[in-house]
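Just below is one structure, and these are the notes that go with it.
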Amino acid sequence: MDSPLWQPQPQQIASARITAFMRHVAAGGGPTCADYPALYRWSIDRPAEFWRAVWDFCGVRANRRGDRVLEHPERMPGARWFPDARLNYAENLLQRDSDEDAIVFRGENRVDSRVSFRELRHEVSRMAQALRAAGIRPGDRVAGYMPNLPGTVIAMLAATSLGAVWSSCSPDFGVQGVVDRFGQIGPRILFAADGYFYNNKAIDNLPRLREIMARLPTVEKLVVVPYTRGNPQPGGLPRAVDVHDFMAPFSAGPIEFAQLPFDHPLFIMYSSGTTGVPKCIVHGAGGTLLQHLKEHVLHTDIRRGDRLFYFTTCGWMMWNWLVSGLAAGATLLLYDGSPFIGRGSVLWDYAEQEKMTVFGTSAKYIDALAKIGLAPGGTHDLSALRALLSTGSPLAPESFDYVYRSIKSDLQLASISGGTDIISCFALGCPILPVWRGELQCRGLGMKVEVWNDEGKPVRGEKGELVCTAPFPSMPVGFWNDPEGAKYRAAYFECYPGVWHHGDYVELTAHDGLMIHGRSDAVLNPGGVRIGTAEIYRQVERLEEVVESLAIGQDWPPPQPNDVRIVLFVRLREGLALDAALTARIKQQIRDNTTPRHVPAAVLQVTDIPRTKSGKIVELAVRNVVHGLPVKNVEALANPEALAQFRNRAELRG
């Protein structure tokens, strides 16, 4: 495409926070950067100066910053950021004290509520006192088995104000999934809702909680939060207390924010867990805060008065990312439930009624809207909306077209990519850059991202591995229960010693943006040619009959394979059956728009495709099933029953 899909207007560029940041850098003795490429080069060439400038410009509140910014920059892992600093993450999210909305909540059950910045401070104060009275101290773990409620934000901020470590997963996790995660970290307090709503159903979690408590002996107190019923009667649960009774003895007052080191543990996140027990990834308070401020303020142009939404559960890192928007002065718009209630319009009703300025979602949601023919731009007033963010999987070029055609022609569409591993992004949007079809706008400031070929050499315009060749503040502090760091190093630094290997198969474009072709471990290799699965999905899912697809490489022929063949599974529109004619069209579509190497040897129909709780399809789990190998942790899947369709199929035998 010769021209961008969107170009910021001169006044948008002039008023952008990143433009003000460039002036701030120049006024502080740094270079005068005329554009984003110049700012990016400076940010990776002079990382200490860049991150100090981010700290100052974004107004990080700290008891002490210290003069040292980066210690041991040559070590990866091993570098230390702001080693003399003392700060508190929650304090930075609770700076505002006004009657304006801090959090707006809307549930699928039509319940909605509002919490002002002043009320948020008061509730966090009371909850923090309750936690302190329960014996919580810095370093203790506090966990949440909660929907995306204001109370979840309050519990997290109260815990982290004390220096406790917060960890959460969504209430749709089964008992084993919860135990696999929280059982490794030993929380002392567990917050849990009595249930949740999804797809017009109320799901009762109290029976699960009885079993979970029996298997989590470290939990001294279970704090039950009413949601699906007015009075859940927690007395039948061991060591349980209603959240209102837990907080009742305490009145709001000044919050005592524990001032702790920059790398003090803040969050414990979990790998998807589809290849074994999830890894417990520990993220530090300062790195998380500083990275999120950079991404919110500079890359997303968030400022006081913005109304920030991301469709997420508390089991996905985008919840943590969303909540940090409070530090930039934004109002958080929370939603819990199915996004397809009301014929798919519920989130757009929300956007119109609350004058949403930033709408975040998954690529799969955007694709699903296109498939059902929804055109929110024609049915809703989206005049306040200026940015649409997408992540979770690669956003297909056709989805870019759909957004600008059917949602809004004048907004910044930012496809973003990073992960739980860094609780942030390697590549994302920029309000002063154009949007090119199918591309992530830019590499993140301060992130020395390169694309390496099979020889470990940086390339442009070729597909290769996404790597980061220099330290950045939101690298994990480490993994829980990994005192020597062996698991941590093996996860990211085994492939290229001293270089972060992220596991994405990507391409650096002529516009200095990125295109993502899938996960490296899911790359297909027929005849020794590397093929990203996203290249196939993009073509197949352009066909009206196909809802979604999944491709694997099957060792072929069994039982003594000497090559790999591509097998494509398709989920079709309801009522359709895969026949010879549609199979031929699918193969022709792939052949015409990619290469003959991309064409699958077999195309098979399924009624469901397995995915993680955050909506990512799991090629590796399907590949294991097809090859008769175990899937080690089906509890990590949202729909584990879907795996049965891939097992012992006659079409997959030699």
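Quantities reported herein were computed from a predicted structural model and do not represent experimental measurements. Only heavy atoms go into these numbers, but all of them, side chains included; no hydrogens, no water, no symmetry mates.
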As a quick check of understanding, evaluate ring pair (Phe, Tyr, Trp, His ring centres under 6.0 Å) for Phe340 and Tyr365, giving each step before the final call. CA-CA 9 Å; Phe340 293 105; Tyr365 173 73; 5.5 Å; yes
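- Outside the 6.0 Å centre-distance limit, the rings of Phe472 and Trp51 are not counted as a close aromatic pair.
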Given the rule in the side chain to side chain donor-acceptor pair (under 3.5 Å) test, do Thr288 and Ser474 qualify, once you have shown the distances and angles that lead to the verdict? CA-CA 5 Å; Thr288 300; Ser474 65; over 6 Å; no
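- Judged by distance alone, the side chains of Gln259 and Arg64 never bring a donor and an acceptor atom under 3.5 Å apart.
- In this structure, the side chains of Leu87 and Leu260 stay at 4.5 Å or more apart for every pair of heavy atoms.
- Side-chain contact, Asp263 with Trp81: no donor N or O sits under 3.5 Å from an acceptor N or O.
- Between Tyr227 and Phe197, the distance separating the two ring centers is shorter than 6.0 angstrom.
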Would Ser170 and Tyr145 satisfy side chain to side chain donor-acceptor pair (under 3.5 Å), going step by step from the backbone distance to the final call? CA-CA 6 Å; Ser170 56; Tyr145 183 44; over 6 Å; no
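- Judged by distance alone, the side chains of Gln12 and Arg386 never bring a donor and an acceptor atom under 3.5 Å apart.
- Tested against Thr228 for a side chain to side chain donor-acceptor pair (under 3.5 Å), the candidates Asp204, Asn205, Asn109, Asp194 yield a single pass: Asp194.
- Between Asp306 and Arg304, none of the side-chain N atoms (NZ, or NE/NH1/NH2) sits under 4.0 Å from a carboxylate O, so this pair counts as no salt bridge.
- Note that Arg126 lies outside the cation-pi zone of Phe250, set by a 6.0 Å cut-off to the ring centre and a 45° limit from the axis.
- For Tyr492 and Trp500, the ring centers sit closer than 6.0 Å to each other.
- A distance of 8.0 Å separates CD1 in Ile185 from OG1 in Thr218, rounded to the nearest 0.5 Å.
- Under the 6.0 Å cut-off for aromatic ring centres, His283 and Phe267 do not qualify, their centroids lying 6.0 Å or more apart.
- For the pair Arg118 and Asp99, the salt-bridge criterion is met [side-chain N within less than 4.0 Å of a carboxylate O].
- In summary, Asp101 and Arg307 engage in a salt bridge, as defined by a charged side-chain N under 4.0 Å from a carboxylate O.
- The side chain to side chain donor-acceptor pair (under 3.5 Å) test with Arg114 is passed by exactly one of Glu119, Glu100, Glu354: Glu354.
- Cys280 SG to Trp480 CH2: the interatomic distance, rounded to the nearest 0.5 Å, is 9.0 Å.
- With a 6.0 Å cutoff to the six-membered ring centre and a 45° limit on the axis angle, Lys613 counts as a cation-pi contact of Phe173.
- Taking the six-membered ring for Trp and the full ring otherwise, the centers of Tyr310 and Tyr335 sit at least 6.0 Å from each other.
- A salt bridge is defined here as a Lys NZ or Arg NE, NH1 or NH2 lying under 4.0 Å from an Asp or Glu carboxylate O, and Asp56 with Arg65 meets this definition.
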